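Structure first, then comments.
As the structure is a prediction and not an experimental result, all values here were calculated from the model. When a residue number appears, it is its place in the shown sequence, counting from 1. All ligand and atom numbering here is 1-based and tracks the order in the structure.
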Amino acid sequence: MIVLGIETSCDETAASVIEAKNKKKKILSNILYSQFKEHKDYGGVVPEIAFREHLKLIDKIILRALKKAKKEFKEIDVIASTGGPGLHGGLLIGTTIAKAISLSIDKPFMPINHLEGHILSPRIEYDLSFPYLVLLVTGGHTMLVIAHTIGKYEILGMTLDDALGEAFDKTAKLLNIGFPGGPQIEKLAKKGSPSIELPQPLIHSNDCNFSFSGLKTSVLRIVNSKKNKSNKFKSDICCSFQYTILNIIKKKCELGLQIFKKKYPNKKKKIIVVGGVASNNFLRKNLEKFAITNNSNLFIPAKNLCTDNAAMIAWVAVEKFRKNKQNNFNFQPLPNWLI
Ligand code: KG4
Ligand code: ZN
């Protein structure tokens, strides 16, 4: 089975070809254009700019993905595209071009939920069976989920305000250190020490919900009150911010694992961390230690599969098409589609 996947839900224009045969799976191509240059002056993604960039690039990206995979349109079995959640303009471009291809080669079109793309993404690289606990941390979403099986996801908790990636981006913006914020904060944090005390919202709430807007406001207050915003100060803020995030995440994952164990007392505890924030080395290293302490197995995708990509979209189509061979041609984009 050969699947062409397309991702245009935010600021990445991406296409990928995956080949899957029984247990064998291979990413034949995974092409991506990241629009960070176009958005960096605004410190965040501007929907209209993202829309225009997708429109300009999507056909070329798809052709490159096919060329790299050494496949022709007629060899594709399924065309998948992100159907939501995401920015409406981008979703429209991806789904419209996917439908046009589907019509012209007479092969099924499958709209894919972007969050499900992240949730199933470790199954491309790892022999990872259900059930497992998911910490999903992206620029638009933050949630703890139990993935019971394909298509059956139980949300244990989510953010009540900002997503974690958004908190990284907004904090970087107020420190004036660049966009996207995650990688910049990670870089500066390496030179700093966790010497600045920051609040840990909802850490004692005894549920799996998150809140990050107070943390960001607290950083803002500290930054505004500091006259000399030296590089050392910025590094210390970034380092303290990452340690605070780590503490919050660990506490919530601990609760998540307890719920997991109650539901599955005889199963090995498994936890995956997915989404753009999961590409952060500091978090990856420390969550490994956390998993060992909590007697659980941790799976984090390779960095290029943590941030947005089309391989994870193609992969969901592989998994779902195997179960149910459907063509969803009448689908319309769902910007607020939850899992
Ligand atoms: O999953 P993703 O690529 O797109 C969404 O689905 O939103 O996540 C993007 C988010 C951005 O907010 C970005 O700042 C964050 O992931 N991110 C990081 C790192 N790399 C990307 N956050 C922390 N550390 C990183 N190294
Ligand atoms: Zn994403």
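Closest approach of Ala147 and Val134 over heavy atoms only: CB-CG2, 4.1 Å.
Below 30°, between 30° and 60°, or above 60°: for Tyr264 and His148 the angle between ring planes is between 30° and 60°, a tilted geometry.
At a 3.5 angstrom cut-off on N or O pairs, Asp308 counts as close to ligand 1. Note: an N/O pair closer than 3.5 Å links Asp169 and ligand 1 by distance alone. Among the atoms of Gly165, some N or O lies under 3.5 angstrom from an N or O of ligand 1. Taking only nitrogen or oxygen atoms, main chain and side chain alike, Gly276 reaches within less than 3.5 Å of ligand 1. When only interatomic distances are considered, the shortest N/O to N/O separation between Phe168 and ligand 1 does not fall below 3.5 Å.
In summary, the atoms of ligand 1 found under 4.0 Å from a heavy atom of Pro183, numbered by their order in the structure, are 19 (C), 20 (N), 21 (C), 25 (C), 26 (N). Annotation for ligand 1: atoms under 4.0 Å from non-hydrogen atoms of His114 are 6 (O). If you number the atoms of ligand 1 from 1 as listed, the ones under 4.0 Å from a heavy atom of Glu186 come out as 25 (C), 26 (N). Close approach of ligand 1 to His118 is summarised as follows: ligand atoms under 4.0 Å from at least one heavy atom of the residue are 1 (O), 6 (O). Using a 4.0 Å cut-off to heavy atoms of Gly139, the atoms of ligand 1 that qualify are 5 (C), 7 (O), 8 (O), 9 (C), 10 (C), 12 (O).
A side-chain donor from one of Ser129 and Lys270 sits under 3.5 Å from a side-chain acceptor of the other.
Under the 4.5 Å side-chain heavy-atom criterion for grouping Ile, Leu, Val, Met, Phe, Trp and Tyr, Val274 is not connected to Val137 through any hydrophobic cluster.
Using a 4.0 Å cut-off between a side-chain N of Lys or Arg and a carboxylate O of Asp or Glu, Arg52 and Glu48 qualify as a salt bridge. Ion pair Glu53/Lys56 flagged as a salt bridge, since at least one NZ, NE, NH1 or NH2 atom sits closer than 4.0 Å to an Asp/Glu carboxylate oxygen. Remark: Asp236 does not engage Lys191 in a salt bridge, criterion side-chain N to carboxylate O under 4.0 Å.
Looking only at N/O/S atoms, Asp308 comes nearest to the Zn ion (ligand 2) through OD1.
Aromatic ring centres of Phe331 and Phe329: separated by at least 6.0 Å.
The closest heavy-atom contact to atom 19 (C) of ligand 1, among the options Gly140, Cys306, Ser279, comes from Ser279.
To the nearest 10 degrees, the Zn ion (ligand 2) sees NE2 of His118 and NE2 of His114 at an angle of 100°.
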Full working for side-chain hydrogen bond (donor to acceptor under 3.5 Å, both in side chains) between Ser213 and Asp162: CA-CA 6 Å; Ser213 77; Asp162 292 347; 5.1 Å; no
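In this structure, atom 24 (N) of ligand 1 lies nearest to the protein heavy atom Asn280 ND2, 3.0 Å. Nearest non-hydrogen protein atom to atom 22 (N) of ligand 1 is Gly182 CA, 3.3 Å.
Of the possible polar contacts, one joining the Asn209 side chain to the Met158 backbone as a donor-acceptor pair under 3.5 Å is found.
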